[in-house]
Amino acid sequence: MSTYGFLTTHHPFEVKTHKLKMVPKQSFLQVPKTHFRRWACSVTPKSNTQSPLREVFSSEPKQPSYQKLDRVVCKFGGSSLADAGRLKEVGKLVRMQLEKTQRYPVVVLSAMGTTTNELLQAGELALKEGIVDISSIRKRAYQACEELHLSKEDLVDPLLTTLDQLLLGIKFIKELSPRTKDYLVSFGERLSVRIFAAYLRQSEGLPTEPFDAFDLGFVTNSHFTNADLLEESFSRIRDCFERLVQQHTLAVVTGFIAKDKQGNITTLGRGGSDLTAAALGAALGCSEVQVWKDVDGILSTDPRIVSDAIPVPFVTFQEAFEMAYFGAKVLHPIAMQPAMRHNIPIRVKNSYNPEHPGTVIKSRREHPSENPVTAISLKRKCHLVDIESTRMLGAHGFLAELFKVFGERRVSIDVIATSEVSVSLTLDPKAFDTRDKEELEVELSKIASVQFSGEKAIISLVSNVSRSTEILARAMQVLWKENIDVEMISQGASKFNISFIVEDTHADAAVRALHGEFFRHS
Ligand SMILES: Nc1ncnc2c1ncn2[C@@H]1O[C@H](COP(=O)(O)OP(=O)(O)O)[C@@H](O)[C@H]1O
Ligand SMILES: N[C@@H](CC(=O)OP(=O)(O)O)C(=O)O
């Protein structure tokens, strides 16, 4: 076999033609044929797609029509806010920013430490065991208040009492809907901004005010647990900021949460505070959005797999998006969207090592990178679905019907490989539940024979795809030596990504081997 076509897609798309790309034979000569089983075809993003990403990644950056604020947005995630000691450190970083720019930054906070997970666990416990227990959340909030010399009665008790009542409600009604989950997890961010703003005001003497993002114009649709920010949010945020936040006020805003048009609290998906920060930066025309984490910026791969992963000084918005979408937990995938549209750089910094320059994310690379691979990301526990048409449909009709089934259930496809009548694709198990899976199986089996297999991993090389021959040859050599079978291979329509599907049990070894190959001399 000497011709192959490749693609990746996660946008809504239409299939145009099976445009196969020639790949020189010699690049695969040393790799046994059995090494790959699935190949991908070329898919073109649909021009009238509703996807917000489509608009972002196809359009030129817009210049804000309003006056640029020389303010920066500083977002601190849960890993930077584990306890009172960390809140003090973050306070120093905020002061440093103020001294540097002589302007108050806009601060965005996530929930402290692992509060969001604990809130979700408390919800499950109330639902399944009828036990209402917020002790870990109360303990963290009380300890922070005590160590920062703040009054817990005024600051956190009202919220904790409401949280207790909510869990009692879950216990008795025996229901924990996505809407209730969003209300439940919102307590994490609402607690942290109140504590931190009070600390900055009381101990640092700064004119600080806490704000819930929904009071500052953040409005979403009603897709609870993973809501989309509505376009009108941007003008609303500007208006609310002008009305509610004085020039001499340091606003501390909740990340992650918003409200829908009916007034229900919604959330922007796990890790969504990054998006809150980017949206604020875009709406207010800030000069930079800083995202403070517990690592020295975006690293060449997940440091929990490769302990000597190295910081990547520069990535483009598209590269950062590909990384985040394909599993790099460091940034929320959609966070790049507003920043890119308004051409606002995002800087990823380490709150534990503030001197380190971190990573800058911008529109364009000034100098081409020497390394063909920018970073490697990993998305685990994916489903691989093999679908073969059982009807006499042409490729267009078959694929159209197929994608309608996924589209109607809002299940997005990560990686796909097609021939005229058979398709292999991967699905993120977090994007659908057992009922969705059953429904998908029923609907798909009306037009095709379907086989789901779980426990697969997508390894993505975020890379310069114009060097794909070299990248593929080197990657395949390495995986072959490690005896790792590649079940599917796909080259991004975006031109920034080459993905391999392997057994989940081989994922760590594959990432280590690939990292060794592409970052050995860095
Ligand atoms: N490529 C990567 N670069 C940096 N960090 C990564 C990468 N992949 C995974 N991570 C993980 O992401 C974590 C930071 O993201 P997260 O915990 O969401 O931060 P925060 O809670 O501060 O927003 C790091 O501690 C690291 O373990
Ligand atoms: N607290 C939310 C939102 C968030 O963005 O968190 P973090 O910044 O810690 O990833 C979560 O845990 O998902």
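Both ligands and their constituent atoms are indexed starting at 1 by order of listing.
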**Q.** Glu232/Lys261 under salt bridge (charged side-chain N to carboxylate O under 4.0 Å, His left out): CA gap, chis, key distance, verdict
**A.** CA-CA 11 Å; Glu232 65 191 74; Lys261 288 208 157 169; 3.0 Å; yes
Q) Which ligand 2 atoms, with their elements, are less than 4.0 angstrom from a heavy-atom of Gly78? A) 7 (P), 8 (O), 9 (O)
Q. Given Ala320, Ser79, Pro303, which one has a non-hydrogen atom that is nearest to atom 26 (C) of ligand 1?
A. Pro303
(Q) Please determine whether any non-hydrogen atom of Gly297 lies less than 4.0 Å from an atom of ligand 1. (A) yes
Q | Contact partition for Ser273 relative to ligand 2, non-hydrogen atoms under 4.0 Å | A | both
Q: Compute whether any side-chain donor of one residue and acceptor of the other, for Ser412 and Asp414, lie under 3.5 angstrom apart.
A: no
Q: Using distance alone, decide if ligand 2 has a nitrogen or oxygen within less than 3.5 Å of any nitrogen or oxygen in Lys75.
A: yes
Q.
Under a 4.0 Å threshold between the charged nitrogen and the carboxylate oxygen, would Arg138 count as salt-bridged to Asp133?
A. no
Q.
If you take the nearest heavy atom of each of Thr301, Asp274, Asp294, which one is closest to atom 24 (C) of ligand 1?
A. Asp294
**Q.** Nearest-option assignment for atom 23 (O) of ligand 1, heavy atoms, candidates Lys293, Arg270, Arg304
**A.** Lys293
Q: Would you check whether Ala375 reaches within less than 4.0 Å of ligand 1, judged by its heavy atoms?
A: no
Q. Are Gln290 and Gln97 close enough that a side-chain donor and a side-chain acceptor fall under 3.5 Å?
A. yes
Q. Hey, is Arg380 close enough to Asp508 for a salt bridge, meaning N to O under 4.0 Å?
A. yes
